[in-house]
Amino acid sequence: MGLTSHKVLALTVLIAVVVMGGTVWLWPRLARKTWQAVLGRIGALLATQLAVLAALGLVANSYFAFYSSWDDLLGTGDAGPVVIHNKADASGRLLVETIGHASVKGGGAMGREPSQSGEIRKVRIDGAVSRLSTEGYVYLPPQYFQPEYAQKQFPAVIVSTGFPGIAENLITRFNYPGAALKLLQEGRMQPTVMVLVRPSPALPQDTECEDIPNGPQSDTYFTKDVPSAIQASFRVSSDPQAWAFMGNSTGGYCALKLAMRHPDVFPTAVALSAYYDAADDPTTGDLFGGSRQRRDEANLVWRLKNLPQPNVSVLLAGTKRGDGDYRRETEAFVDAARSPMKVSYSMLEKGGHNFETWSALLPSSLEWLSQHLRVPNPTA
C-alpha cells in the first residue's frame, strides 16, 4: 500500500488507538517496582508515542502532501534526475509529453467541455539542456479551445509549490485552474496558460533553483528547458513580456531569484510567503561548491545592495503577523529595491505559512500578474 493510501492512514490510526488502549489497560500491572515492570512501562510509553507520531505524521502528509510515496519519503528508488527522450519539433526542442488529464473543479468551472472550463493535462517536461525531467500539470484556459482564438498565442506562467510539496498541491490545495477560471469569467484576468510544477527537478534534493556545481542544473531547467518545451508544445508566446514565474514558500523564492537573475526570461514574478535567502540544510547539501560569491548572490537582499537592479516587476504577498520574520525580511527587501526594479506588496493582517493564507492571497495575486503579462500583436 502506498504512503498516501487511505488504507495505510486508517490502519495506522487504528494501531495507535489499540496501543494507547492497551497501555491504559496494562498500566496497573506495570506499576510494580521490578525491573521487568520498569522495562514494560518504558516499552509501553515508547510504543504509544511512536504509534501516535506515525498517525499524526500520516494525517499531516495526507493534508499537505509533503511526500507522495515511500521512495519519496525515504529518498530511495528512482526519484532522482531522469532523462527521457521525447519527440522534438523542427528546431530540436523537446516536446512536452502528456501522460494524463484532470478535471477543472470549483471556481467558475461549468462542465467537462474544454471550451467552457479549460483543460488540465498531466505532463512530463524533459530538459534538453539540463538533462533533468519532472512531472507536473499544464492548465489550458477555455479560450485555447475556442475557434475564434485558434490563431492566438497566450501568455504563460510557471507556478511552483514549496519544498517538498508536489505539483498536485497546486490543484488540490490551491486550485489555481479554478481560481484563474473564475477571475477570467469576471473579467479580472486574461486567458493564461499555467505550468504547475514543484521547485526541484532533482528530488529528493532541494536544489533551491540553483545550477549546482557538478550537480543538477535547476536554474537552467526552469529558465531554458521549461519555456522551450512549453513553447514547442502549446500556443504560447515566446516574447518574454508574456512570461512570468509564481510560487509559494520555496517556489516564491525561486520566482524572485530567477526573475532577478534572468529578467530577459521572466520580467514578472509573484512570491507568496517567499523567503529571501537560499535554505541550507540536509535536503540542500552544498548548493554552491564552497563558493562564497555564489552563496552571497543567492541572498536576494544582498543582490539588491551589491548588484545592478534588474528591470523586473515583482509582487510580494504574505502576512504582517503569524509567519515568523516574514514582514521584517520583506521590508528589508522592499527598502533595498530601486529603479528600474518595481516592487508591489500585499499583506494580510495575520496568517501562517500555510495553504489557507496562500489561498486567500491567490485571487488578487493572479489579477496583478495578469495585468503585467503582455502578448505582442504579431501584426503590429
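All residue numbers refer to positions in the sequence shown, counting from 1.
A donor-acceptor contact shorter than 3.5 Å is absent between the side chain of Y137 and the backbone of E168. Put simply, the side chain of R327 never gets that close to the backbone of G324: no donor and acceptor are under 3.5 Å apart. Of the possible polar contacts, one joining the S365 side chain to the L361 backbone as a donor-acceptor pair under 3.5 Å is found. Judged by distance alone, with hydrogens and angles left aside, the side-chain atoms of D225 form a donor-acceptor pair with the main-chain N or O of V129 at under 3.5 Å.
With a 4.5 Å cut-off on side-chain heavy atoms, L46 and I42 count as touching. At least one side-chain heavy atom of R124 sits under 4.5 Å from a side-chain heavy atom of S133. Side-chain contact between T283 and Q205: absent, with no pair of heavy atoms (C-beta onward) separated by less than 4.5 Å. V159 is not listed as a side-chain neighbour of V197, based on a closest heavy-atom distance of 4.5 Å or more. Within the 4.5 Å cutoff, the side chain of V52 has heavy atoms near those of the M20 side chain. For the pair K320 and L348, the minimum side-chain heavy-atom distance is 4.5 Å or more.
Under the rule for a side-chain contact (heavy atoms from CB on, under 4.5 Å), the partners of A244 that lie at least two apart in sequence or sit in another chain are V157, T268, L369, L373.
Closest approach of T161 and A167 over heavy atoms only: CG2-CA, 4.1 Å. Of all the heavy atoms in A271 and G252, the pair that sits closest is CB-O, 3.6 Å. Nearest heavy atoms, T207 versus P199: OG1-O, 4.0 Å. Of all non-hydrogen atoms in A279 and L287, the two that sit nearest each other are O-CD1, 3.7 Å. Nearest approach of T192 to P155, heavy atoms of both residues: CG2-O, 3.5 Å. Contact record, A337 with M341: CB-SD, 4.3 Å, taken as the closest heavy-atom pair.
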TODO: I would like to know whether T134 and L203 meet side chain to side chain contact (heavy atoms under 4.5 Å, CB included); could you show each step before the answer?
DONE: CA-CA 9 Å; T134 191; L203 292 175; over 6 Å; no

Task: Stepwise side chain to side chain contact (heavy atoms under 4.5 Å, CB included) test for L140 and F154 - done: CA-CA 9 Å; L140 303 171; F154 293 84; over 6 Å; no

Task: Derivation of the side chain to side chain contact (heavy atoms under 4.5 Å, CB included) call for S249 and F163 - done: CA-CA 8 Å; S249 192; F163 185 88; over 6 Å; no

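Ionic pairing of K257 and E210 is present here: one or more N-O contacts between side-chain nitrogen and carboxylate oxygen are shorter than 4.0 angstrom. Ion pairing between D239 and R374 fails under the 4.0 Å rule for side-chain N and carboxylate O. Under a 4.0 Å N-O distance rule, the pair R198/D206 does not qualify as a salt bridge. Classification of R121 and E119 as a salt-bridged pair holds, one side-chain N sitting under 4.0 Å from a carboxylate O.
Between F245 and the options V226, V265, V270, L258, a side-chain contact (heavy atoms from CB on, under 4.5 Å) holds for only L258.
Classified by interplanar angle (parallel below 30°, tilted 30° to 60°, perpendicular above 60°), the ring pair Y275/Y253 is parallel.
Under the 4.5 Å side-chain heavy-atom criterion for Ile, Leu, Val, Met, Phe, Trp and Tyr, V314 and W358 are members of distinct hydrophobic clusters. Cluster membership for F174 and W368, using ILVMFWY side-chain heavy atoms within less than 4.5 angstrom, is shared. Taking hydrophobic clusters as Ile, Leu, Val, Met, Phe, Trp and Tyr residues chained together by side-chain heavy-atom distances below 4.5 Å, I212 does not share a cluster with F222. Side-chain heavy atoms closer than 4.5 Å link hydrophobic residues (I, L, V, M, F, W, Y) into clusters, and following such links, even through other members, never connects L316 to L366.
Ring centroids of Y176 and Y139 are separated by 6.0 Å or more, keeping the two rings apart.
Side-chain contact annotation: D219 with H262, donor-acceptor N/O pair under 3.5 Å present.
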